[in-house]
Amino acid sequence: MHSIRAGILTGIDIHEIDLKQHYPHKQPVNLAHFYPWMMPSMPFIFPRQIADAVISKAPNLLAKPLVLTPFPLKKQLLLQLSRALLQEALAQGALAFLTDKWVAIEVTDLQLSFEIGYQQGLLVRPVTAADVTFRAKSDDLLLIAAGIEDPDSLFFRRELSIEGDTELGLQVKNLLTSLDHDQLAPVLKLGLSSVSKVLVWLQQQSSTKTAIYL
């Protein structure tokens, strides 16, 4: 399997791009696995400016159609995604602590906010009167969903904000940390894995002036 290597433009100091550089408990990023047409000997220079632009502009492009989408449609999509992510917890009855409680999720860079609750099944509604609010950017929430980042790390780095009922917030955070991503539906697991690895790769290029060799 081909690996991704990064080095300065002179080709000196080559090293493998590795998720472990930022996320020690995960596997190396290997874009050649997702894009086999990229030959290992083909140089591919990916300027830092492009990585910065993709990371900063993509949420803005997604936010515009989301703002215009009626909430009933967003509700159905959010319900399907939440059920897929929490299917094991639902099957085990592990969401009973959410009964008659509402957790607000605010995706700050997508201008997306909603509340999720539980009453013999998951419920989604517009932000009304949440007991606790989780606030973060879309890339951080994606990495949580993919199992690459954990809520505790983001919270201590102040990239995840939790406001409101402290006990409920802790229960929700523990639930997210305990999710077994190997139990996700294959399509969802593959999608989250592919997108999150590309995201981490872009973040790495944005944080260092390197040339990429595949």
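Computed from a predicted structure; not experimentally measured. Reckoned from all heavy atoms, side chains included, excluding hydrogens, waters and symmetry mates.
Partners of Arg135 under the salt bridge (Lys or Arg N to Asp or Glu O under 4.0 Å) rule, at least two apart in sequence or in another chain, are Glu106, Glu163. Listed by chain and number, the residues in a salt bridge (Lys or Arg N to Asp or Glu O under 4.0 Å) with Lys173 are Asp152 (sequence neighbours excluded).
When all heavy atoms are compared, the tightest approach of Phe71 to Arg125 is CZ-C, 3.3 Å. Closest approach of Leu175 to Ala89, counting heavy atoms only: CD1-CB, 4.0 Å. When all heavy atoms of Pro151 and Leu160 are compared, the closest pair comes out as O-CD2, 3.7 Å. Heavy-atom minimum distance, Leu66 versus Lys74: O-NZ, 3.2 Å. What you find for Leu123 and Gln119 is that their closest heavy atoms are CD1-CB, 3.7 Å. Summarising the geometry of Leu168 relative to Leu98, their closest heavy-atom pair is CD1-CD2, 4.0 Å, with the distance given to 0.1 Å.
Here the OG-CG distance, from Ser153 to Asp140, works out to 11.0 Å after rounding to the nearest 0.5 Å. Here CG of Leu78 is found 4.5 Å from CZ of Phe114. Values are rounded to the nearest 0.5 Å. Remark: Gln92 CD to Gln87 CD distance equals 10.5 Å, nearest 0.5 Å.
Residues Leu81 and Val127 do not share a hydrophobic cluster, clusters being chains of Ile/Leu/Val/Met/Phe/Trp/Tyr side chains in contact below 4.5 Å. Note: the hydrophobic cluster containing Phe156 also contains Leu154 (ILVMFWY, side chain heavy atoms under 4.5 Å, direct or indirect links). Criterion: ILVMFWY side-chain heavy atoms under 4.5 Å apart, direct or through other members. Under it, Ile105 and Leu77 are not part of a common hydrophobic cluster. No chain of hydrophobic side-chain contacts below 4.5 Å, direct or via other Ile, Leu, Val, Met, Phe, Trp or Tyr residues, connects Trp102 to Ile116. Linking Ile, Leu, Val, Met, Phe, Trp and Tyr residues whenever their side-chain heavy atoms come within less than 4.5 Å leaves Leu170 and Ile162 in two separate clusters.
Using a distance-only test at 3.5 Å, with no hydrogens or angles considered, a donor-acceptor pair links the side chain of Thr99 to the main chain of Ala96. One N or O on the side chain of Asp109 and one on the backbone of Ser138 form a donor-acceptor pair closer than 3.5 Å. Panel note: side chain Glu149, backbone Leu143; no donor-acceptor pair is recorded below 3.5 Å.
Taking 4.5 Å as the limit, every side-chain heavy atom of Phe134 sits out of range of all side-chain heavy atoms of Leu141. For the pair Ile144 and Leu179, the minimum side-chain heavy-atom distance is 4.5 Å or more.
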